[in-house]
Enquirer: 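What follows is a single structure, and I will ask about it in a moment.
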Amino acid sequence: MQETIPILHQRIRACTRCVIAGYLPVAGPVVSGHRDNQVMLIGQAPGLVEEARRVPFQGRSGKLLMRWLARAGYPDESTARRHVYMTAITKCFPGKSAGSSGDRRPSRAEVELCRPWLDQELALLRPAVIVLVGGLAHERFLPGRPLSELVGRVFSSSGKPVSLRTRSRPVLVPLPHPSGASRWLNDPSNRVLVDRALDNLRLLVRAYLPKS
Ligand code: SF4
């Protein structure tokens, strides 16, 4: 059978690799998107609410992300969710972090187990713009650089900074994680970088927005 996005989603939603390997008590893969999406957003991993609803970016961080996407040109949440393919480095809720209220960062082994799913999503969709949200996504595509050297810039798929006029595709647009746990966003100079990143994103995605 020929692989398509809906078939791939069925296979991802049935995945239990991390349960079999003993990393998770239960699997609840979350993925959302359509075969015609030109913009892909890659987060870290879903949270508890996302797992319960099986929809990415719910809750507080989802609200901030939707505000960012509105500033990037998506007029409302349903348009953003229809036109932005939303996935993550690992697709199941990793559980809470020991000794804190935040979510556990998925281990390198879990990232490697989940990696083939993201590889297949990228190969099938071939997005023009890839929005990288949070540290694990940055590490996968633009490793070894501090957030302040990523946010506000646009990169080629080989990791070189490029101008907005580049014709090379895909282009990578890093954003910080919208979680309230990120203190990076409290610094006004960092919020300026986010403003710049959203201005860049607005210019890059306008060709892929629905025509009104
Ligand atoms: S995190 Fe990825 S590899 Fe692990 S069970 Fe979920 S979908 Fe499968």
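Everything numeric here is computed off the predicted structure, so don't read it as measured data. As the structure lists them, so they are numbered: ligands from 1, and atoms in each ligand from 1. Every heavy atom of this structure was used, including side-chain atoms; hydrogens, water molecules and symmetry mates were not.
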Enquirer: Return the closest protein heavy atom for atom 8 (Fe) of ligand 1 as residue, atom name and distance.
Expert: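 Here the closest protein heavy atom is C15 SG, 2.3 Å.
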
Enquirer: Provide the number and element of each atom of ligand 1 under 4.0 Å from a heavy atom of L113.
Expert: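 The atoms of ligand 1 under 4.0 Å from a heavy atom of L113 are 3 (S).
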
Enquirer: Note the single closest protein heavy atom to atom 4 (Fe) of ligand 1, along with its residue, its atom name and the distance in Å.
Expert: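 Looking only at protein heavy atoms, the one closest to atom 4 (Fe) of ligand 1 is C18 SG, 2.3 Å.
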
Enquirer: Considering only NZ, NE, NH1 and NH2 on the basic side and carboxylate oxygens on the acidic side, decide whether R81 and E77 come within less than 4.0 Å.
Expert: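 Yes.
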
Enquirer: Below 4.0 angstrom from a heavy atom of R17, which ligand 1 atoms are there? Numbered from 1 as shown, please.
Expert: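 Answer, ordered by atom number: 3 (S), 5 (S).
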
Enquirer: Give a yes or no answer on whether the side chain of R191 reaches the backbone of N186 with a donor-acceptor pair at less than 3.5 Å.
Expert: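 A pair under 3.5 Å: yes.
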
Enquirer: Taking both backbone and side-chain atoms into account, decide whether C92 has an N/O/S atom under 2.8 Å from atom 6 (Fe) of ligand 1.
Expert: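 Checking atom 6 (Fe) of ligand 1 against C92, an N, O or S atom does fall under 2.8 Å.
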
Enquirer: For V111 and P106, work out which heavy atoms get closest and say how close.
Expert: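 Heavy atoms of V111 and P106 come nearest at CG2-O, 4.3 Å.
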
Enquirer: With a 4.0 Å cut-off on N to O distance, would you call R82 and D76 a salt bridge?
Expert: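 So R82 does not pair with D76 through a salt bridge.
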
Enquirer: Heavy-atom contacts with C114 under 4.0 Å: which atoms of ligand 1 show up? List them by number with element.
Expert: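 Those of ligand 1 that fall under 4.0 Å from C114 are 1 (S), 2 (Fe), 3 (S), 7 (S).
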
Enquirer: Do Y208 and H34 have ring centres separated by under 6.0 Å?
Expert: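 No, ring centres 6.0 Å or more apart.
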
